[in-house]
Amino acid sequence: MVVRALDKKRLLLGVCGGIAAYKAAYLVRALMREGADVSVVMTAAATRFVSPLTFATLSGKPCLTDDDLFRPDASVSHVEAGRRADLILLAPATANTIAKIAHGFADNVLSAAVMASTCPVLLVPSMHVGMWTNPFVQHNLAALSSGRYRVMPPDHGELASGDQGPGRFPEVSCIVQEAARCCGKQDLSGRVVVITAGPTAEPLDAVRVLTNPSSGRMGLALAKAAWRRGAVVRMVLGPVPAPESSLPFETIRVGTAQQMLDATRTALDGAHVLIMAAAVADEHPVGVVERKLHKDELPDHLALEPTPDILMSLRSELSDKVVLAFAAETEDLRSSGAAKMIRKGADLLFANPVGEGRGFGAAHNEGVLLGPGNMVEEAPRQLKEDLAEWLLDHVVKRLSGNPEE
Ligand code: CTP
């Protein structure tokens, strides 16, 4: 099964009259690719920029316009459209529509649908910088930044007028992520989750390192899922190829185990959870040479010394946090996992078999989750993205102080 962030979610996309209305067409496609059932409602001004036929064709459903307000036989009324949605997404949201919603106007099909709804509403304002910085607009947005309303700030950059500044329609992929967060269960809301991911690399000289094939995919899946579930996420990421540029949470890039330890210690300030998904190198070459060693200078034997053990080094700082560790094992999964969990002071440890195509770098993972009181929960082979959700369920249980719930 491929995990889709918006699977079966009913989204009502409200398109307002700004030049970014054309980008909403790409947004429909991207939302649908993530499994959303999308309906579109447009203001009259929006229909001057893009035809309702475009949205009807892309979504495969009639596109609501103001004409539908006065049609007694309308198959989907504005009230029904608002009420059946899991999320209303206003993108682009113009200053005019923002003002209407903030002040309770319902004089067009879009604002009436919002008023009749009870679901979360995500506003994606997009407008000229002069309008964006207008105090009335900001006042209205402040009024729409609580309760079921959420505002996604616009990007900075070149605007349709040629001016520079805030006001640009955000990247479609970022809006999709934000929508997924609005639809997700928010059981990590208010929690700060630190996640280490990827390998570390220990240099021998300026061009050679000691490392391992960890892809960081498990940690990245955990970070994305925790963020969708409402957490403030700080990811400490070792040297893997840059993940997508639009990650919606803080990502601190590190190289060596020592750097990962330092960055994790800093990131733990005020944190509630530490997830050590990183495959930390256990040893590093003694005496790093700053320049490239030529072939005839390379040692016949590498002198190594241990890297810091991150969990052990931080142990005294973790007593008030839920700690999930990982252990990739080739044998004695349960017994070595359990011993490691106790040795490292983790609350939970996911032990997974490696080798024969399993583990490092793979899309799937499987294993056992160990916990206090001889807790053993089997996780069958599944996508790392699915496993991340399951592991977070267990973290949430421990956070709520109800591990057996
Ligand atoms: N870990 C750590 N610091 C290290 C090595 C590992 O914090 N220097 C963390 C890993 O991120 C993981 C857990 O400890 O969450 C277990 O990692 P693993 O490599 O299995 O444990 P080791 O202590 O290296 O044990 P061994 O290699 O002897 O199996």
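Residue numbers count from 1 along this sequence. One-based numbering, in listed order, for ligands and for the atoms of each.
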Practice problem: Enumerate the residue pairs fulfilling salt bridge (Lys or Arg N to Asp or Glu O under 4.0 Å) with a member in residues 290-308, sequence neighbours excluded, ordered by first and then second residue. | Solution: Arg291-Glu297
Exercise. Could I get the full list of side chain to side chain donor-acceptor pair (under 3.5 Å) partners for Ser111, not counting sequence neighbours?
Key: Asn108
Exercise. Please examine the side chains of Gln258 and Pro308, heavy atoms only from C-beta on, and report whether any two atoms are closer than 4.5 Å.
Key: yes
Quiz item: Name the residues in contact with ligand 1, where contact means a heavy atom under 4.0 Å away: which are they?
Solution: Met276, Ala278, Val280, Asp282, Thr307, Pro308, Asp309, Ile310, Leu311, Ala325, Phe326, Ala327, Lys340, Arg343, Lys344
Would you mind writing out the side-chain donor-acceptor pairs for residues 121-132 within the sub-3.5 Å range, not counting sequence neighbours?
{"unit_1": "Ser126", "atom_1": "OG", "unit_2": "Gly167", "atom_2": "O", "d": "3.3"}
{"unit_1": "His128", "atom_1": "ND1", "unit_2": "Gly130", "atom_2": "N", "d": "2.9"}
{"unit_1": "His128", "atom_1": "NE2", "unit_2": "Asp163", "atom_2": "OD2", "d": "2.6"}

Exercise. Taking the side chain as every heavy atom from C-beta outward, state whether Leu6 and Arg33 have any atom pair closer than 4.5 Å.
Key: no
Quiz item: At what distance, to the nearest 0.5 angstrom, does CZ of Arg217 lie from NZ of Lys224?
Solution: 9.0 Å
